[in-house]
Student: 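Questions regarding the structure given below will be posed in turn.
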Amino acid sequence: MLFSRKERKPNGSLAQVSSHSDLLATKITAALTACVDRGELSCEIPSTISLERPKNRDHGDYASSIALQVAKSAGRAPREIAELLKRDLEALPEVAKVDIAGPGFINITLERASQGEIVRQIRQGGSNFGNGTSLNGVAVNLEFISANPTGPLHLGHTRWAAVGDALGRVLSAAGAKVTREFYINDRGNQMDLFGASVRAAAMGQAIPEDGYQGAYIADLAAAVVAKDPGILNVAGDLQFVEFRERAYTAQLKSQQDVLDEFGTKFDVWFSERSLHSSGAVEHGLEKLRSQGHVFELDGATWLRTTDYGDDKDRVLVKSGGELTYFASDTAYYINKRERGSDICIYMLGADHHGYVNRLKAIAACAGDDPKYNIEILIGQLVKIMEGGEEVKLSKRAGTIITLEDLVEKVGVDAARYTLIRYPVETPMVLDVDVLKKRTNENPVYYVQYAHARIAGVLRNAQELKVPDSLEDFDPALLVHDRENELLGALAEFPRVVASAAEMREPHRVARYLEVLAGVYHGFYADCRVLPLGDEAITATHSARANLCAATKQVLGNGLQLLGVSAPERM
RNA sequence: GCGCCUGUAGCUCAGUCGGAUAGAGCACUCGCCUUCUAAGCGAGUUGUCGCAGGUUCGAUUCCUGCCAGGCGCACCA
């Protein structure tokens, strides 16, 4: 409750981009300030100006409810305030028309030529168009997946493999310095159990109770033995250790290969063991002691996490002297911070949501601000459907679905895209049959198809020698409603990227791309880009070719942020 | 018992800072390829935004309570 996820609010300062929405927002603020200065109005000036692209086209290109918002503090009727602002806004060269509607909405219609300038910005920005500066100078540590190296990556890990990677890209686009990190839980009982299971499989013995049962254990055992048959003759505990270490190395390598194949890259693979061998755990304990939140009770050493919203205190050192997993967690957090990360983001599965408060408390106990330095994103579980039925996942029954299985069934692009396009707090149902389809039901194809379609048009433009460089671009020629709609959608991209980064919600990029692709398809249906037959080449053809190129750039940039390919042909 | 997440069209789900007539895909009807990719476009039909209060000019959105489903509450890792 104390640290619920919803408490983390975006600070509202979106990236500084030179789009019309930002321009209008500043102008509205200026107009409001001017009215106050002239004594025509006395009200509070909001720090952020509400400005949106209205759903209804009759409401102009942009709409603001600012007059309604300040009406109360100004003590005036909203429509009167809107009238005051209208005067100043209409004087702007970019603005064609200002209407006041309903209770006091301000609807702004832009000059068409002014809207067309976005094409120039996009083409000049190239692959950097959409990038912002809202997180400039902020070092973010992004930890995700962090699976035990005792088995293959399953469906739950796969959601994070896609979303975590996309979030990393989005944060980078917002200017953050991102370190993607995979924490390897290579210490503790489960590793011993893993080693024992592999050895048992290799020796043809029964897998120990509570051991690892999957078929992959036998495969690992066979691989280990194949590589070094002598291991079968090693005696006693040494043999067990050998099996454990070799199987660990092989399994980790396999996870790394699978993720690499999936397009998810990590900067740091961080071993829990290294935390102990490097003295980081001792160091972490000292740091926490110095902050005064460590105490002894019943022979154990505790961290008083209840000081900061946890529901019970947590043990760092057991009465037997062993360090807990929680001790590693504290040391790891402190280590991340000391390596220079300002914000540590943890992406966890819903089955770990009970960790949120204790992780937040670690940050607070270390003297940090738990509302800034640490963020925990909880992802709900993924269900999978195939053949119209839910596939029940069970380790016992051996029906776990691995990342590899999913990719094999539907391909990397469809798997990544589908996992990313939903907010992580939504429990999602993944229908394998749908993901195999190449239709609108499968949005990844819809978006990719738009990209490939444009690529085809531009190839043809080259062939027909339609000039399509920026020098040949006259924005005033883009006057069709479809063109206007497309320009407006393109201009939204930087805002979408900025909000996706701030809210840690990469799915916004995917949803935006679907809208943009739809708008493009509509434009394509109604606006002929290239000359027909022996028709003369005109400046309008060039203007439209430029518009296509800009759209292709934005679709490509967006897909890049998701780690999904942008094909030239389909 | 306590805590977290979810509840929006027949199905799968969006819905930004509280805004105007709540959206998309699928499904169902019907149109559009002798010209740039029909993996596309257009038209039609579909709602107790879980329920009940509250906050206010305005609530799917914020607050409280309740109902339903999922998950979690270790000197395990």
Side-chain angles (χ1 to χ4, degrees), chain A residues 1 4-5 9-10 12 46 48-52 54-56 58-59 63 65 68-69 71-72 77-78 101-105 107 148 150 185 187-191 193 272 297-302 311-312 314-320 322 324-326 328 349-357 378-381 383 385 421-431 434 437-443 445-446 448-450 452-461 463-464 466 495-496 499 503 505 507-508 511 514-515 518 521-522 524-526 528-533 544-545 548 569-570:
Chain A
M1 188 63 184
S4 99
R5 193 178 114 65
K9 281 278 183 183
T48 53
I49 300 297
S50 87
L51 192 66
E52 58 170 24
K55 290 167 225 156
N56 188 332
D58 297 337
H59 296 154
S65 61
L68 295 161
Q69 283 168 6
K72 193 166 196 178
F105 291 102
N107 296 333
N148 293 340
T150 55
N185 295 136
R187 191 177 166 276
N189 293 339
Q190 94 276 359
M191 285 303 289
L193 220 51
E272 185 187 355
L297 181 72
D298 300 335
T301 304
W302 301 68
D311 54 351
K312 58 190 71 164
R314 306 290 166 179
V315 173
L316 291 162
V317 186
K318 299 184 210 173
S319 49
E322 311 115 76
T324 60
Y325 186 80
F326 181 70
S328 299
D351 51 341
H352 285 77
H353 76 251
Y355 288 44
V356 173
N357 284 345
I378 297 296
Q380 296 299 312
L381 305 179
K383 280 189 200 169
M385 305 270 292
R421 81 185 278 270
Y422 301 100
V424 291
E425 64 265 30
T426 308
M428 65 176 291
V429 179
L430 209 152
D431 190 325
V434 167
K437 290 187 191 168
R438 304 194 156 196
T439 69
N440 268 8
E441 265 183 277
N442 200 355
Y445 286 108
Y446 186 76
Q448 288 183 317
Y449 180 68
R453 198 177 215 189
I454 298 171
V457 171
L458 293 176
R459 276 193 301 271
N460 295 339
E463 215 163 282
L464 294 170
V466 172
R495 288 222 292 190
V496 170
S499 67
M503 308 194 60
E505 291 182 344
H507 79 274
R508 287 168 188 280
R511 297 290 172 164
E514 290 165 30
V515 171
H521 287 312
Y524 179 90
D526 289 355
R528 177 78 202 185
V529 177
L530 302 175
L532 282 166
R544 287 181 172 171
C548 286
R569 296 170 200 273
M570 285 175 78

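Letters A, B, ... mirror the listed sequences (proteins, then strands); counts begin at 1. Atoms considered below: every heavy atom in the structure, side chains included; atoms not considered: hydrogens, waters and symmetry mates.
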Student: For A:A63, report the nucleic acid contact type (base, sugar-phosphate, nothing); a contact means any heavy atom under 4.0 Å.
Tutor: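 Base: the residue A:A63, judged by heavy atoms under 4.0 Å, touches a nucleobase.
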Student: Any side-chain N or O of A:N107 under 4.0 Å from OP1/OP2 of B:A20?
Tutor: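 No.
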Student: Which is true for A:N185 with a 4.0 Å heavy-atom rule: it touches a base, it touches only sugar-phosphate, or it touches nothing?
Tutor: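 Result for A:N185 = nothing.
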Student: May I have the distance from A:E52 (atom CD) to B:G15 (atom P), rounded to whole angstrom?
Tutor: 15 Å
Student: Give the rounded distance in Å between these two atoms: CG of A:L68 and C1' of B:C17.
Tutor: 14 Å
Student: Given B:G3, is OP1 or OP2 found less than 4.0 Å from the side-chain N or O atoms of A:H352?
Tutor: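 For B:G3, neither OP1 nor OP2 has a side-chain N or O of A:H352 closer than 4.0 Å.
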Student: Can you name the nearest heavy-atom pair linking A:S328 to A:E272, along with the distance?
Tutor: OG-OE2, 2.7 Å
Student: Where does RNA chain B pair, written as one dot-bracket string 5' to 3', with Watson-Crick or G-U pairs under 3.5 Å, ( ) inside the strand, [ ] for crossing pairs and | for another strand?
Tutor: (((((((..((((.....[...)))).(((((.......))))).....(((((..]....))))))))))))....
Student: With sugar-phosphate meaning primed atoms plus P, OP1 and OP2, does A:A101 contact a base, only sugar-phosphate, or nothing at under 4.0 Å between heavy atoms?
Tutor: base
Student: With C1' as the reference atom in both, quote the distance from B:U35 to B:C30 in angstrom, rounded to an integer.
Tutor: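 Rounded to whole Å, the distance is 26 Å.
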Student: Which whole number of Å gives the distance between the P atom of B:U8 and that of B:U55?
Tutor: 27 Å
Student: Between B:G31 and B:C17, how far is it from one C1' atom to the other, in whole Å?
Tutor: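 Result for the C1' pair: 42 Å, nearest Å.
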Student: From CD of A:E322 over to C1' of B:A74, roughly how many Å is that when rounded to an integer?
Tutor: 14 Å
Student: Kindly say if A:K312 contacts the phosphate of B:C2, meaning a side-chain N or O under 4.0 Å from OP1 or OP2.
Tutor: no
Student: What's A:H59 touching, base or sugar-phosphate or nothing? Going by heavy atoms closer than 4.0 Å.
Tutor: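 Base, at least one base heavy atom under 4.0 Å.
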Student: Name the residue closer to the 5' end of RNA chain B, choosing between A:R421 and A:V315 according to the nucleotide with the nearest heavy atom.
Tutor: A:R421
Student: Which heavy atom of A:H353 sits nearest a heavy atom of A:I378, and at what distance?
Tutor: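 Looks like CA-CD1, 3.7 Å.
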Student: Could you tell me whether A:Y524 contacts a base, only the sugar-phosphate backbone, or nothing, with contacts defined as non-hydrogen atoms closer than 4.0 Å?
Tutor: base
Student: Considering all heavy atoms of both residues, which atom of A:V315 and which atom of A:A300 are nearest to each other, and what is their separation?
Tutor: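 So the two residues come closest at CG1-CB, 4.2 Å.
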Student: For RNA chain B, whose closest nucleotide is more 5', that of A:N148 or that of A:R459?
Tutor: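 Here A:R459 is the residue nearer the 5' end.
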Student: What are the two closest heavy atoms between A:M385 and A:V429, and how far apart are they?
Tutor: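 A:M385 and A:V429 have their closest heavy atoms at CG-CG1, 3.2 Å.
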Student: Give me the atom names and distance for the closest heavy-atom approach of A:P78 to A:L68.
Tutor: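 Shortest heavy-atom contact: CB-CD2, 3.7 Å.
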Student: What does A:V529 touch in the nucleic acid at a heavy-atom separation under 4.0 angstrom: a base, only the sugar-phosphate, or nothing?
Tutor: base
Student: To the nearest 0.5 Å, what is the distance between CZ (A:R421) and CD (A:E514)?
Tutor: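 Going from the CZ atom of A:R421 to the CD atom of A:E514 covers 4.0 Å.
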Student: Just checking A:L51: base, sugar-phosphate only, or nothing, at a heavy-atom cut-off of under 4.0 Å?
Tutor: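 Counting heavy atoms under 4.0 Å across all strands, the contact made by A:L51 includes a base.
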Student: Between B:C5 and B:G50, how far apart are the C1' atoms? Round to whole Å, please.
Tutor: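 Approximately 15 Å lies between the C1' atom of B:G50 and that of B:C5.
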Student: Output the rounded distance in Å from CG (A:N442) to P (B:U12).
Tutor: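 Between P of B:U12 and CG of A:N442: 17 Å.
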Student: Can you find a side chain N or O atom of A:T426 that sits less than 4.0 Å from OP1 or OP2 on B:A14?
Tutor: yes
Student: Given atom CD of A:Q69 and atom P of B:A20, what is their separation to the nearest angstrom?
Tutor: 13 Å
Student: Of the nucleotides B:A14, B:C71, B:U37, which one has an atom closest to the side chain of A:V457?
Tutor: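 The closest nucleotide is B:U37.
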Student: Does the aromatic ring of A:F105 sit over the six-membered base ring of B:G19, closer than 5.5 Å centre to centre and tilted less than 30°?
Tutor: no
Student: Roughly how many Å is it from NE2 in A:H521 to P in B:U37, rounded to a whole number?
Tutor: 13 Å
Student: Work out how far the P atom of B:G18 is from that of B:C63, and round it to whole angstrom.
Tutor: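 It works out to 11 Å between them.
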Student: So, A:S499 side chain and A:R495 main chain: donor-acceptor pair closer than 3.5 Å or not?
Tutor: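 Yes.
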Student: Taking A:L316's backbone N and O only, do any of them form a donor-acceptor pair with A:W302's side chain (distance below 3.5 Å, no angle check)?
Tutor: no
Student: Can A:M570 and A:R453 be said to form a side-chain contact (heavy atoms from CB on, under 4.5 Å), step by step?
Tutor: CA-CA 8 Å; A:M570 285 175 78; A:R453 198 177 215 189; over 6 Å; no
Student: Kindly indicate whether the side chain of A:S319 and the base of B:C75 share any N or O donor-acceptor pair separated by less than 3.5 Å?
Tutor: yes
Student: Mind listing the closest non-hydrogen atom pair of A:C548 and A:L458 along with its distance?
Tutor: CB-CD2, 4.2 Å
Student: Work out how far the C1' atom of B:U61 is from that of B:U56, and round it to whole angstrom.
Tutor: 14 Å
Student: Taking atom C1' in both B:C26 and B:U21, what distance in whole Å separates the two?
Tutor: 24 Å
Student: Give one of base, sugar-phosphate or nothing for A:A300, where a contact means two heavy atoms less than 4.0 Å apart.
Tutor: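 Base, at least one base atom sits under 4.0 Å.
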Student: In whole Å, what separates the P atom of B:A14 from that of B:A39?
Tutor: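 Each nucleotide's P atom is 28 Å from the other's.
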Student: Indicate, with a heavy-atom threshold strictly under 4.0 Å, whether A:D431 touches base, sugar-phosphate, or nothing.
Tutor: nothing
Student: From C-beta outward on A:P427, which listed nucleotide comes closest to its side chain: B:A20, B:U6, B:C4?
Tutor: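 Looking only at heavy atoms from C-beta outward on A:P427, the closest nucleotide is B:U6.
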Student: With a 3.5 Å cut-off and heavy atoms only, can you find an N or O donor on one side and an acceptor on the other between the side chain of A:Y446 and the base of B:C26?
Tutor: no
Student: Below the 4.0 Å mark, does B:A38 have OP1 or OP2 next to a side-chain nitrogen or oxygen of A:R453?
Tutor: yes
